[in-house]
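Everything below concerns the one structure shown next.
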Amino acid sequence: ALSELVGCMYTMGPEIRALDGQALRVTGVVSTAKCPPGDNMGLVKALTLVEPGDVLVVDAQGFAQWCLGGFELLRHAHAERGLAGLLVNGAYRDVAQAREAGFPVYATAVAPYSGPKLGPFEVNVPVCCGGVVVHPGDVVSASCEGVVVVPQRSVQAVVDALLARAAAAKLAREPLLQRLFDAAASF
């Protein structure tokens, strides 16, 4: 598993979970926003800066009484800018709309009310999400198994390790498969 390669320092805690229950898988390069509790001005700015395939990771300081917004904020960034997914250390809403659009949203909670838009905020700075410090340019992968961050400096080493594991697993399976084929041929 990817989490075994990066270790516990880069595996988010279980509080960051898929809001729709389906846990749509998403992997992409990280863009970030840091927002005061319940304020989505930073998220709105970050959505104007995402690149195709990016996953936006937002640190709302774990605040879950209000959400940072709904799917309408994400719709344009998803359709026009190629935003691949959203992870929030805090609350979000419009879970059904995101699910219908096939858009993965991971967060700590769902809250219906969207708070003020006052700032201050920071965009594309290191943030904390699920107990992991995440930097712009890192790679994040989220699924029903959890959320893992691959630091940008480690991406090539992790890819090499995954390829080596896949090759080793294939080699380990080949004798078993050959024995199965041999056994089947004898019938």
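Here, residue 1 is the first one in the sequence, and each next residue gets the next number.
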Partner residues of R165 under the side chain to side chain contact (heavy atoms under 4.5 Å, CB included) criterion, sequence neighbours left out
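By the side chain to side chain contact (heavy atoms under 4.5 Å, CB included) rule, R165 matches E4, L5.
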Looking only at heavy atoms, what is the nearest atom pair of [X] and [Y], with distance?
X    : Y    : result
V147 : A142 : CG2-CB, 3.8 Å
A33  : G42  : CB-O, 3.7 Å
D54  : S31  : OD2-OG, 2.7 Å
V55  : V26  : CG2-CG2, 3.7 Å
A64  : A109 : CB-CB, 3.8 Å

Would you give the length of the straight line joining atom [atom1] of [X] to atom [atom2] of [Y], rounded to the nearest 0.5 angstrom?
X    : Y   : atom1 : atom2 : result
R75  : Q97 : CZ    : CD    : 5.5 Å
C129 : E15 : SG    : CD    : 8.0 Å
N89  : Q61 : CG    : CD    : 8.5 Å

Establish whether [X] and [Y] are linked, either directly or via other cluster members, by ILVMFWY side-chain heavy-atom contacts under 4.5 Å.
X    : Y    : answer
V127 : F63  : no
M9   : V149 : yes
V57  : Y10  : yes
V140 : V155 : yes

Hydrophobic clusters join Ile, Leu, Val, Met, Phe, Trp and Tyr when side-chain heavy atoms are under 4.5 Å apart, directly or via other members; which others share one with L73?
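Members besides L73, by chain and number: L19, L43, V44, L47, V50, L56, V58, L68, F71, L74, L83, L86, V88, Y92, V95, F103, V105, V110.
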For [Y], is there any backbone N or O sitting under 3.5 Å from a side-chain donor or acceptor partner on [X]?
X    : Y    : result
Y106 : L24  : yes
D138 : H135 : yes
R93  : P112 : yes
S143 : R25  : no
R81  : T48  : yes
D20  : A23  : yes

Any side-chain heavy atom of L2 sitting closer than 4.5 Å to one from L162?
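Yes, at least one pair of side-chain atoms sits under 4.5 Å.
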Side chains of M12 and L87, heavy atoms from C-beta outward: is any pair under 4.5 Å?
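The answer is yes, as the side chains (C-beta and beyond) meet within the 4.5 Å cut-off.
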Step by step, work out the side-chain contact (heavy atoms from CB on, under 4.5 Å) result for V6 and V158.
CA-CA 8 Å; V6 298; V158 169; 4.1 Å; yes
With no hydrogens and no angle check, do the side chains of S3 and T11 hold a donor and an acceptor under 3.5 Å apart?
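Their side chains do not contain a donor-acceptor pair, so the 3.5 Å distance test is not met.
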Could you list the donor-acceptor pairs under 3.5 angstrom formed between side-chain atoms of residues 113-126 and any protein atom two or more places apart in sequence or on another chain?
residue	atom	partner	partner atom	Å
S114	OG	K117	NZ	3.4
K117	NZ	G115	O	3.0
N124	OD1	T32	N	3.0

